[in-house]
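To start, the structure under review is shown below, and the notes come after it.
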Amino acid sequence: MQGDRETMGSTLIEKILSDHSAIDLGDRRRLIYIDRIFLHERTGSIALQSLQESGRQVARPQQVFCTMDHIVDTFPGRGDETLMPSGTQFIQATRKEAHHAGIHLFDVRDENQGIAHVVAAEQGIALPGLTLVCPDSHTCTLGGLGALAWGIGSTEAEHALTTRTLELRIAKTLRVNFEGTLGFGVTAKDMILHLIAQHGADGGAGYVVEFAGSAIRALDVEQRMTLCNMAVEFSAVSGLIAPDEKTIDYVRDRPFSPKGEQWDKAVAYWQQLRSDDDAVFDREISIDVSTIAPAISWGINPEQTIAVDASIPAPIGEKSAYMQKAIDYIKLKPGTPIAGTPIDAAFIGSCTNSRLSDLRAVAEFLQDKHIAPGVAAVCVPGSTQVKRAAEAEGLHLIFQRAGFEWRESGCSMCFYAGGETFGAGKRVVSTTNRNFENRQGPGVKTHIASPLTVAASAVAGAITDPRQMLTEQAPTRREHQL
Amino acid sequence: MSIEPFTVHTGVAAPMLQANIDTDAIIPSREMKLVSKQGLGEGLFAAWRYKLPGSREINPDFILNTPPYENTTILLGGPNFGCGSSREHAVWALAEYGIRAIIAPGFGSIFYNNCIGNGLLPVVLSEATIRRLAQAIEASPQQQKLRVDLQQQQVCTPQGDCFAFTIEKDARDMLLNGLDRIGATLQYQTQIDAFEKEDRKRRSWAYL
Ligand code: SF4
């Protein structure tokens with residue numbers, strides 16, 4: 001098979017890889033040139049520090065960026081002090097190392113600060129066809145722009161920083177074709193959750209995934225990033241989507257995107273950047289998106305996801321022991337519908353679903369609504385720029401009137417490191433990407449879902465199918481227009 | 001940077017066969033207290049190993065806390081071991097605790113690379129084989145040790161049954177010799193410079 005590759009068309013993935021193939025190491029191994037490196041204060045500080053200790057340099061500091069997102073608090077007026085014990089040390093060490101290395105830092109009070117993967121897109125740092133790495137597993141988010149972006153460890157980050165290259169150990173390519181039209185109230189988040197539920201949390205192991213098909217083309221660029229964000233929850237090395245006119249419009253005129261003549265060159269390159277019609281993938285999966293319902297996780301891994309109108313599955317089959325473990329943790333009964341499960345809290349945020357379009361969709365839904373009594377609800381914009389843009393449109397007022405807290409940008413309650421949490425053992429519906437045990441705090445029971453499902457559940461005080469509320473809303477709207 | 005070479009290792013193996021043991025479980029975020037690669041062993045599997053979150057009160061039921069599995073150096077894992085967060089702290093914590101090899105049907109890809117960069121051997125074997133390995137040692141784990149041989153690329157039970165595994169040649173070389181990949185790549189410095197120079201002409205728009 002492999003030998004025929006030369007005569008066959010190439011995949012998008014192979015095109016990007018071969019344009020970045022700096023050194024052929026033999027044995028089908030190669031060093032890939034890395035165009036951009038992004039760091040954050042939790043794992044970047046250690047990489048920079050360790051690099052410096054070994055007497056090595058950052059080779060191209062102008063292509064390296066760093067943000068404060070993971071540990072920094074998101075309360076108004078926040079600074080270096082953090083709820084997380086010893087968080088200040090991470091923030092200050094990162095600042096010191098970043099200045100020393102001469103890299104661009106989006107510091108705590110910088111107007112462009114935000115979650116790494118949100119900032120990288122917003123600032124034009126990530127672009128179609130570029131290679132980008134970050135010591136953070138959700139770097140694949142940027143595949144939504146057509147970049148080949150993947151998460152690495154700290155040692156690999158040091159390797160990329162000082163050698164400008166990395167070896168990408170991949171054997172295989174997988175294309176997931178999403179065809180058809182999404183139903184009302186169904187989003188990109190539901191598409192990716194559906195894929196993971198159908199094919200397992202390790203369904204993409206060993207593959208780089210290209211997401212394609214008419215339903216992908218129909219998504220706006222921010223939704224594509226939501227979808228690619230969770231490629232890592234599918235155990236894929238990364239996921240990406242070929243750039244098109246929507247992508248090109250999206251990256252135009254961003255602070256670090258090419259300008260003038262360079263822009264024209266870039267566009268010419270991007271316009272041919274897609275898999276050839278006769279490209280062969282090692283594996284293909286096709287999904288008719290019209291069959292997808294709003295999805296919500298019921299267990300302790302994203303593969304443990306069902307339609308919001310379905311019931312908690314019985315622990316049977318080859319995964320029964322694991323399912324039982326999840327049931328014991330999440331404290332729900334097999335056979336009961338997940339809708340109607342009372343919740344303690346709702347979280348809108350994270351690199352999965354915290355961009356302006358997400359906040360607009362939720363705000364539109366929350367107009368004239370209020371969250372249920374006893375529910376704690378928090379919205380954390382993905383970047384300071386997203387926050388400002390949302391405020392300029394008055395979205396924060398809608399969130400606040402509905403009973404949401406409106407915060408500064410950061411990772412916030414997406415993960416627990418001794419800092420922000422809704423409290424031990426709480427049941428949270430969340431737009432984040434991981435429902436692992438204790439991910440959002442000790443004993444916290446996380447249900448991941450789309451922003452619409454989270455908002456609907458917050459309003460109802462229990463897990464709710466957003467389609468019900470959306471249809472309820474329709475007549476009222478019509479009345480307004482009369 | 002010095003990495004302990006891995007050639008052959010014989011040790012106590014503990015079965016933790018559950019699927020999807022993620023890096024948050026291997027080292028919870030709140031255990032990553034310092035900007036350091038050290039001091040993480042104590043936080044290994046903290047949520048399971050200790051009774052209360054953040055406490056150091058031993059949970060006597062957790063496998064690595066039970067006498068038969070004292071001094072465990074080999075983990076038998078389930079599918080997708082080390083999935084989730086990219087935190088290399090998971091590997092540093094395992095290594096500091098004393099784990100030298102993990103045998104699982106599959107690994108999270110970032111975790112897998114992190115293992116190799118730190119001298120921890122990830123061995124891929126089928127679920128059925130791993131169940132047999134677990135059975136071979138369960139009667140008395142302290143006496144019935146597993147032997148993991150990277151040179152011969154096989155895992156052997158105390159009864160003498162051996163199971164072959166494959167591993168990428170470069171990963172094997174790195175582990176056998178305790179190599180630092182950065183040092184190895186820096187030998188190509190001039191070629192990388194040359195690539196960059198050419199690439200700057202072809203993809204000038206990509207450079208800042
Ligand atoms: S928002 Fe959550 S998933 Fe995204 S980078 Fe931050 S901690 Fe990681």
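A quick note: this is a predicted structure, and the numbers were derived from the prediction, not measured. Labels below follow one simple rule: chain letters A, B, ... track the order of the sequence lines, proteins then strands, and each chain is numbered from 1.
Within a 6.0 Å radius of CD in Gln57(A), no more than 12 heavy atoms belonging to other residues, nucleotides or ligands are found. Summarising the local packing, CZ of Arg200(B) is surrounded by more than 12 heavy atoms from other residues, nucleotides or ligands at distances under 6.0 Å.
Interface remark: of the candidates Ala201(A), Gly418(A), Ala93(A), Pro85(A), Ala201(A) forms the most heavy-atom pairs closer than 4.5 Å to chain B. Across Lys265(A), Gln62(A), Gln89(A), the residue that shares the most heavy-atom pairs under 4.5 angstrom with chain B is Gln89(A). Looking only at heavy-atom pairs under 4.5 Å with chain B, the residue among Glu156(A), Glu261(A), His70(A) that has the most is Glu156(A). Here Glu196(B) is the residue among Glu31(B), Glu196(B), Gln191(B) with the most heavy-atom pairs under 4.5 Å with chain A. When each of Ser204(B), Pro79(B), Ala47(B) is checked for heavy-atom pairs under 4.5 Å with chain A, Ser204(B) comes out on top. Residue with the most contacts toward chain B among Gly129(A), Ser235(A), Ser257(A): Ser235(A) (heavy-atom pairs, distance under 4.5 Å). Interface check for chain B: of the options Val232(A), Thr139(A), Ile152(A), Asn438(A), the most heavy-atom pairs under 4.5 Å are formed by Ile152(A). With chain B as partner, the option from Lys319(A), Met84(A), Arg42(A), Glu233(A) having the largest number of non-hydrogen pairs under 4.5 angstrom is Arg42(A).
Neither the backbone nor the side chain of His138(A) has a heavy atom closer than 4.5 Å to any heavy atom of chain B. Looking at Pro128(A), only its backbone comes within 4.5 Å of chain B, counting heavy atoms on both sides. With a threshold of 4.5 angstrom between heavy atoms, Tyr416(A) approaches chain B through its backbone and through its side chain. In this structure, chain B has a heavy atom under 4.5 Å from the side chain of Thr165(A), while its backbone stays farther away. Heavy-atom distances place the side chain of Glu437(A), and not its backbone, under 4.5 Å from chain B. No part of Ala321(A) comes within reach of chain B, as not one of its non-hydrogen atoms sits under 4.5 angstrom from that chain. At a 4.5 Å heavy-atom cutoff, Phe107(B) makes no contact with chain A through either its backbone or its side chain. Neither the backbone nor the side chain of Lys259(A) comes within contact range of chain B; no heavy atoms are under 4.5 Å apart. Contacts between Gln49(A) and chain B at a heavy-atom distance below 4.5 Å involve the side chain alone, from C-beta outward. For chain B, no part of Ala205(A) is nearby; none of its heavy atoms comes within less than 4.5 Å. For a residue to count as touching a neighbouring chain, one of its non-hydrogen atoms must lie under 4.5 Å from one of that chain's; by this rule Lys169(B) touches chain A with the side chain only. With a 4.5 angstrom heavy-atom cutoff, Glu41(A) does not touch chain B via any of its atoms. Of the atoms belonging to Leu52(B), not a single heavy atom falls under 4.5 Å from chain A. For Leu31(A), the part lying near chain B is the side chain, with the backbone staying farther off; criterion is any non-hydrogen pair under 4.5 Å. When heavy atoms are compared at a cutoff of 4.5 Å, Gln18(B) approaches chain A solely by way of its side chain, counted from C-beta outward. Ile116(B) touches chain A through its side chain: at least one heavy atom from C-beta onward sits under 4.5 Å away, while N, CA, C and O do not. Proximity to chain A involves both the backbone and the side chain of Ser85(B), based on heavy atoms less than 4.5 angstrom apart. The part of Glu303(A) that comes within reach of chain B is its side chain, from C-beta onward, which places non-hydrogen atoms under 4.5 angstrom from that chain. Heavy atoms of Ala206(B) lying under 4.5 Å from chain A belong to its backbone as well as its side chain. Within the 4.5 angstrom heavy-atom criterion, atoms from both the backbone and the side chain of Gln189(B) approach chain A. Proximity to chain B is limited to the backbone of Ser21(A), based on heavy atoms less than 4.5 angstrom apart. Residue Asn433(A): no heavy atom, backbone or side chain, is found under 4.5 Å from chain B.
With respect to Asp328(A) and Lys325(A), no salt bridge is recorded, no charged nitrogen being found less than 4.0 Å from a carboxylate O. Salt bridge annotation for Lys37(B)-Glu88(B): absent, with no cationic side-chain nitrogen under 4.0 angstrom from a carboxylate oxygen.
Using a 4.5 Å heavy-atom threshold, the side chains of Lys33(B) and Leu40(B) count as separate. Under the 4.5 Å side-chain criterion, counting only non-hydrogen atoms from C-beta, Tyr207(B) is in contact with Asp199(B). Contact annotation: the side chain of Ile46(A) approaches that of Trp92(B) to within less than 4.5 Å [non-hydrogen atoms, C-beta and beyond]. Between Tyr69(B) and Pro15(B), some side-chain heavy-atom pair lies under the 4.5 Å cut-off.
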Working note: Thr421(A) + Arg30(B), criterion side chain to side chain donor-acceptor pair (under 3.5 Å); need CA distance, chi angles, decisive distance, verdict. CA-CA 12 Å; Thr421(A) 173; Arg30(B) 64 174 176 281; over 6 Å; no
One pair to check against salt bridge (Lys or Arg N to Asp or Glu O under 4.0 Å): Glu158(A) and Arg56(A). What are the steps and the verdict? CA-CA 9 Å; Glu158(A) 283 182 57; Arg56(A) 289 168 174 153; 5.3 Å; no
Run the numbers on Phe65(A) and Phe256(A) for ring-ring contact (aromatic ring centres under 6.0 Å, His included), then give the verdict. CA-CA 11 Å; Phe65(A) 297 82; Phe256(A) 291 93; 5.0 Å; yes
Test side chain to side chain donor-acceptor pair (under 3.5 Å) applied to Arg132(B) and Thr157(B), step by step: CA-CA 9 Å; Arg132(B) 284 184 62 182; Thr157(B) 66; over 6 Å; no
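In terms of modelled atom types and a separation under 3.5 Å, the side chain of Asp149(B) and the main chain of Gln152(B) share a donor-acceptor contact. At least one donor-acceptor pair closer than 3.5 Å links the side chain of Asn435(A) to the backbone N or O of Gly299(A).
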